Asks: 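Structure incoming, see below.
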There are 2 protein chains.
Amino acid sequence: MCVSPRRSVADTLETRQRILDRSLAIASAEGLEGLTIGRLADELGMSKAGLLGHFGTKEGLQLAVVDEAAAVFAREVPQRVKQLPSGLPRLKAVCEAWVSYLEREVLPGGCFFTAATTEFDGRSGRVREALAGMNALWRRDLRIHARRAISDGDLPADTDVEQLIYEIIGIMLALNHFLQLEHDSSAPVRARKALDRLFSAR
Amino acid sequence: MCVSPRRSVADTLETRQRILDRSLAIASAEGLEGLTIGRLADELGMSKAGLLGHFGTKEGLQLAVVDEAAAVFAREVPQRVKQLPSGLPRLKAVCEAWVSYLEREVLPGGCFFTAATTEFDGRSGRVREALAGMNALWRRDLRIHARRAISDGDLPADTDVEQLIYEIIGIMLALNHFLQLEHDSSAPVRARKALDRLFSAR
DNA sequence: CCTACCGATCGGTAGG
DNA sequence: CCTACCGATCGGTAGG
């Protein structure tokens with residue numbers, strides 16, 4: 001009985017979490033398509049069938065990994081600054097937490113969303129839509145803080161909010177690029193300098 | 001004799017070019033790893049063996065595609081502004097040609113180098129090194145024009161050239177991101193606005 | 001959660 | 001440039 005394959009709900013959830021943790025590490029470095037069932041099962045010491053039981057199909061696994069990546073990002077970035085009131089201080093703190101997140105290389109392949117979005121932006125299907133949705137939600141967060149900063153008088157009344165968001169995202173994409181491709185340790189300094197210029201000299 | 005598989009050198013080069021054109025289109029949308037020999041041979045109406053004869057291995061094909069992408073980029077961006085003298089006018093024109101290149105969606109999946117670099121930055125091997133080399137060569141081009149702009153007095157003497165390059169690359173990565181993921185047709189306007197701010201308000 | 005298996009496709013080679 | 005083939009791996013299923 002004790003060594004039977006039947007497990008408790010808690011055990012099942014723990015196994016599921018183990019799969020997702022490993023999947024996220026692999027996918028950030030090798031892509032969501034490079035994440036194969038056989039290799040993943042091998043690394044986790046379980047069978048492909050046992051693994052697929054948790055997610056149904058590879059697409060189900062990919063969608064679960066996207067959710068897991070969002071949870072990690074939320075824990076590492078917005079949650080760390082949620083005590084600050086919305087507005088310019090919060091927006092600046094979000095950006096600093098974002099730079100720090102990329103700088104600390106929490107995932108081995110850098111930003112999962114950058115890698116996965118670039119990989120899937122030319123395709124169609126549920127994974128692409130899930131990624132687009134996460135990106136949209138995150139821009140919405142930034143937009144709320146930027147608008148509040150304007151109504152607080154901390155950013156000029158004529159600030160182009162979508163332009164601001166565009167430039168923030170560019171700074172973060174460049175940070176990920178220089179860290180991952182060039183292993184350029186001065187990239188975080190450059191990101192911070194660009195953000196300073198963005199928030200002050202407008 | 002006439003319908004024999006023996007072809008002239010010119011025919012061989014033409015076939016090679018056909019393979020590379022198709023490969024570049026596929027790789028920009030689906031990635032350099034998603035470019036499979038079987039599918040490519042199928043789309044071109046030839047055998048896998050005939051195709052591999054031109055490049056030896058898949059890695060050989062991938063390296064040839066990187067070179068082809070560099071040739072297309074060179075033709076579409078730096079070559080279009082080579083008549084301008086090095087310095088700020090040339091740097092600005094290069095950036096405008098770059099924006100225009102992405103805006104016109106010359107390749108179906110957007111910027112090949114953005115896609116391929118993001119795909120390979122977490123790996124090792126000759127393809128990764130080739131991509132890193134192309135990126136470095138391009139930054140060198142930008143650096144030369146930026147330094148000339150400074151010595152011409154068109155940019156402040158204390159301009160941080162590497163910072164400038166970092167920010168230009170961020171603007172282009174964001175442009176590719178918003179075009180490919182969001183199909184946001186206002187992204188080129190944002191890119192141009194960000195570049196204006198970068199070159200004037202320093 | 002497992003073993004055992006499926007058809008399809010992968011990169012690549014032998015031989016012509 | 002082709003046909004015919006190789007072993008390995010892909011995602012996934014049947015049955016327990």
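Because the structure is predicted, anything quoted here is derived from the model rather than measured. Below, chain A is the first sequence line, B the second, and so on; all start at residue 1. Reckoned from all heavy atoms, side chains included, excluding hydrogens, waters and symmetry mates.
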Asks: Pick out which of A:Arg190, A:Arg197, A:Lys193 makes a side chain to side chain donor-acceptor pair (under 3.5 Å) with B:Glu167.
Replies: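 Checked A:Arg190, A:Arg197, A:Lys193 against B:Glu167; only one passes side chain to side chain donor-acceptor pair (under 3.5 Å): A:Arg197.
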Asks: Between A:Arg139 and A:Glu162 (salt bridge meaning N to carboxylate O under 4.0 Å), is one present in this structure?
Replies: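 No, A:Arg139 and A:Glu162 are not salt-bridged.
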Asks: So does A:Arg80 pair up with A:Glu76, basic N to acidic O under 4.0 Å?
Replies: yes
Asks: May I ask you to evaluate whether A:Thr12 reaches the phosphate of C:dC1, defined as a side-chain N or O under 4.0 Å from OP1 or OP2?
Replies: no
Asks: Out of C:dC2, D:dC1, D:dC2, which nucleotide sits closest to the side chain of B:Ala49?
Replies: D:dC2
Asks: Could you check how far CD of B:Glu33 sits from C1' of C:dT9, rounded to whole Å?
Replies: 14 Å
Asks: CZ/A:Arg192 to CG/A:Leu175 distance, rounded to the nearest 0.5 angstrom?
Replies: 8.5 Å
Asks: Heavy atoms from C-beta onward define the side chain here; which of C:dC2, D:dC1, C:dG11 lies closest to that of B:Ile37?
Replies: C:dG11
Asks: Report which part of the nucleic acid B:Gly38 touches: base, sugar-phosphate, or nothing (heavy-atom distance under 4.0 Å, all strands).
Replies: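 Contact class for B:Gly38: sugar-phosphate only.
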Asks: Using both distances under 3.5 Å as the test, list the Watson-Crick or G-U wobble partner of C:dG16, or none.
Replies: D:dC1
Asks: Look at B:Arg18 together with B:Glu14 and state whether they make a salt bridge at an N to O cut-off of under 4.0 Å.
Replies: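 So B:Arg18 does not pair with B:Glu14 through a salt bridge.
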Asks: In whole Å, what is the span from the CG atom of B:Leu52 to the P atom of D:dC2?
Replies: 12 Å
Asks: Side chain of A:Lys48: nearest nucleotide among C:dG12, D:dG12, D:dC1?
Replies: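 That would be D:dG12.
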Asks: In this structure, how many angstroms lie between the P atom of D:dC10 and the CG atom of A:Leu35, rounded?
Replies: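 So the two atoms are 11 Å apart, to the nearest Å.
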Asks: Counting only side-chain N and O atoms of A:Thr36, is one of them less than 4.0 Å from OP1 or OP2 of D:dC10?
Replies: yes
Asks: Looking at the side chain of B:Lys58, which of D:dG11, C:dG11, C:dT13 is the nearest nucleotide?
Replies: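 So the nucleotide nearest the side chain must be C:dG11.
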Asks: Look at the side chain of B:Ser47 and decide which nucleotide, out of D:dC1, C:dG12, D:dC2, has an atom nearest to it.
Replies: D:dC2
Asks: Can you measure B:Asp11 atom CG to D:dC1 atom P for me and round it to whole angstrom units?
Replies: 8 Å
Asks: Rounded to the nearest angstrom, tell me the gap between atom CE in B:Met46 and atom P in D:dC1.
Replies: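 Between P of D:dC1 and CE of B:Met46: 5 Å.
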Asks: For B:Phe55 and C:dT13, what is the distance between atoms CZ and C1' respectively, to the nearest whole Å?
Replies: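 Value for this atom pair: 18 Å.
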Asks: Roughly, in whole Å, what's the span from CG in A:Leu51 to P in D:dG11?
Replies: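 Atom CG in A:Leu51 sits about 10 Å away from atom P in D:dG11.
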Asks: What is the distance from CG of B:Asp42 to P of D:dT3, rounded to the nearest Å?
Replies: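 Taking atom P of D:dT3 as the reference, CG of B:Asp42 is at 12 Å.
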